[in-house]
2 protein chains.
Amino acid sequence: MALTYREYPEPGEEATLTGLRERKKQRTRDALVVAAHELFVTQGYETTTVDQIAEAVDVSQRTFFRYFANKEEVALFVQDMVERFYYEAVCARPAGEAPLECLRNTLDDIWDDVGAAVEEITPIDLHLKMCQVIEMTPALLAARLRHSLLLEEKLVQEMARRTGVDADKDPRPRVLVAAFTGVTLTASRQWSMRNDASLAMAREVTRDYLAQLGPALCADWTRQS
Amino acid sequence: MALTYREYPEPGEEATLTGLRERKKQRTRDALVVAAHELFVTQGYETTTVDQIAEAVDVSQRTFFRYFANKEEVALFVQDMVERFYYEAVCARPAGEAPLECLRNTLDDIWDDVGAAVEEITPIDLHLKMCQVIEMTPALLAARLRHSLLLEEKLVQEMARRTGVDADKDPRPRVLVAAFTGVTLTASRQWSMRNDASLAMAREVTRDYLAQLGPALCADWTRQS
DNA sequence: AGGATAATGACAGCGACTGACAATTGACAA
DNA sequence: TTGTCAATTGTCAGTCGCTGTCATTATCCT
């Protein structure tokens, strides 16, 4: 069970589109993603078989499994792309920012670019509906949380690097990132369960939730925040 | 895919040990748990088949699936028991405490009782090794995170109830619980990866991590905390 | 003791996934 | 252009997780 996606920009390896072969592979993979998402959204994840997905793109089931290690992977493909996107945006931040600011500001900044990146693979509407399917489907939700944990570890390393602390001695990088991603996940979960979900809405909800991090830890909730 | 365990104390339904039938079922179930955990610990989760577990307890594979909805469930059985244990301890707390204090103090208080509760089913050593297997095995880690999310939602409701706020309007209960469980999960993860893991150690690591919640959110990490 | 009820075993079947091998297709040099 | 090599794909067989069904066995209750 690969934890990273094969076929995708390894660090240092450009996504070379040269050659008919490469282009054909990209097209097949994207077609599989879109076809799978459409099936998942219309008839549900569990009730969709891999054979159906393969048939929709007219490849063999075996070929499907050469592109995606398992059925979950094709379902989480776009979300994972967004996560990689976020991580790289964090790494590209100026050095001056405080850790929490860095994580939060990055999130606030990338939404438009995320939308563009998603559109290159699948219609945004489909992606939004797919987000709901992920939240609704236990197996997908579980896989999503595990993927988030992988991102978390990478963010921990980056925060430690930025601040010059040792993540193995000082718990603060882990604590910060854990709290941050915990709140972010909850926000995205609450967001996707709304029926008026949109990218703009995601930005707002996430911002609101993160703004409550300080007040929520406070002892006294009697005053309205 | 059941999200709760069948056969187990539903609210209001006592775990009646009356009757030979009930006792026999409990024994079979516990035997399955112990046999499964021993196999998982010695030869790994993925490489252990359900047939092997069933054979070790001398029941049919079909019977195994009458006790556990899937292979994951038997692996997470004890951890889930601990989570239920924690939740009920939270609900039994005095009303005066502030939300974060309540969650933290409960955690600090229950470790001994948790140990006793675990011992009733499986040797603690086995459970500790099983915790490591869970962290190491992608499928189990994913399932564990999803189960934690279920607990999270229950804790949100309880925190909202205690403080008299509406969890659908006020984001603070969700934000607090998300940050708290995020940090707690990270702590338990770091703990279980140590090779000197013990229950006492778990208490310490978790306490340390939670104590860093405030400082970690702080802008300035230049001073050693 | 005996009938109702619950637990189990045996079996057949589906879907996810994998290894192996043969067939096809694009890349590249002669 | 053509022939060779390597990458991609399809086919097939097989394992494992999991489920429905039905006959069999074991407990419960009067």
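Chain letters run A, B, ... following the sequence lines, proteins first and then strands; every chain starts at 1. Since the model is a prediction, treat every value here as computed from it, not as a measurement.
Taking CZ of A:F180 as the start and OH of A:Y209 as the end, the distance is 15.0 Å to the nearest 0.5 Å.
The separation between A:E55 atom CD and C:dA16 atom C1' is 17 Å, rounded to whole Å. Rounded to whole angstrom, the span from the NZ atom of B:K25 across to the C1' atom of C:dT5 amounts to 12 Å. Spacing between atom CZ of A:R29 and atom P of D:dT8 amounts to 13 Å, rounded to whole angstrom units. When rounded to the nearest whole Å, the span between CD of B:Q52 and C1' of D:dT15 equals 13 Å. Nucleotide C:dG13 holds its P atom 19 Å from the CZ atom of B:F65, rounded to whole Å.
For D:dT8, neither phosphate oxygen OP1 nor OP2 lies less than 4.0 angstrom from any side-chain nitrogen or oxygen of A:Y67.
Candidate nucleotides D:dT27, C:dT8, C:dA16 were compared by shortest atom distance to the side chain of A:K71, and C:dA16 ranks first. With D:dT8, D:dT11, D:dG17 as the candidates, the nucleotide lying closest to the side chain of A:S60 is D:dT11.
Using a 4.0 Å heavy-atom distance criterion, B:T47 is classed as making no nucleic acid contact.
A salt bridge between B:R174 and B:E152 is absent, with no side-chain N of the basic residue lying under 4.0 Å from a carboxylate O of the acidic one. Salt-bridge formation is not detected for the pair B:E204/B:R207: no Lys NZ or Arg NE/NH1/NH2 atom is positioned less than 4.0 Å from an Asp or Glu carboxylate oxygen.
Within the structure, salt bridge (charged side-chain N to carboxylate O under 4.0 Å, His left out) pairs that include any residue of residues 187-198 of chain A comprise A:E135-A:R189 (at least two apart or interchain).
Across the interface with DNA chain C, nearest-nucleotide mapping of B:K24 and A:R62 shows B:K24 to be the residue nearer the 5′ end. Heavy-atom nearest nucleotides on DNA chain D were determined for B:Y45 and for A:V59, and the one closer to the 5' end corresponds to A:V59.
A donor-acceptor contact closer than 3.5 angstrom is absent between the side chains of B:R66 and B:T28. Judged by distance alone, the side chains of B:Q26 and B:E22 never bring a donor and an acceptor atom under 3.5 Å apart.
Checked by distance alone, A:R66 brings no side-chain donor or acceptor within 3.5 Å of a matching partner on the base of C:dT18.
One axis for each end of the helix from C:dA1-D:dT30 to C:dA30-D:dT1, each built from five base pairs, and the angle between them comes to 20° at 10° resolution.
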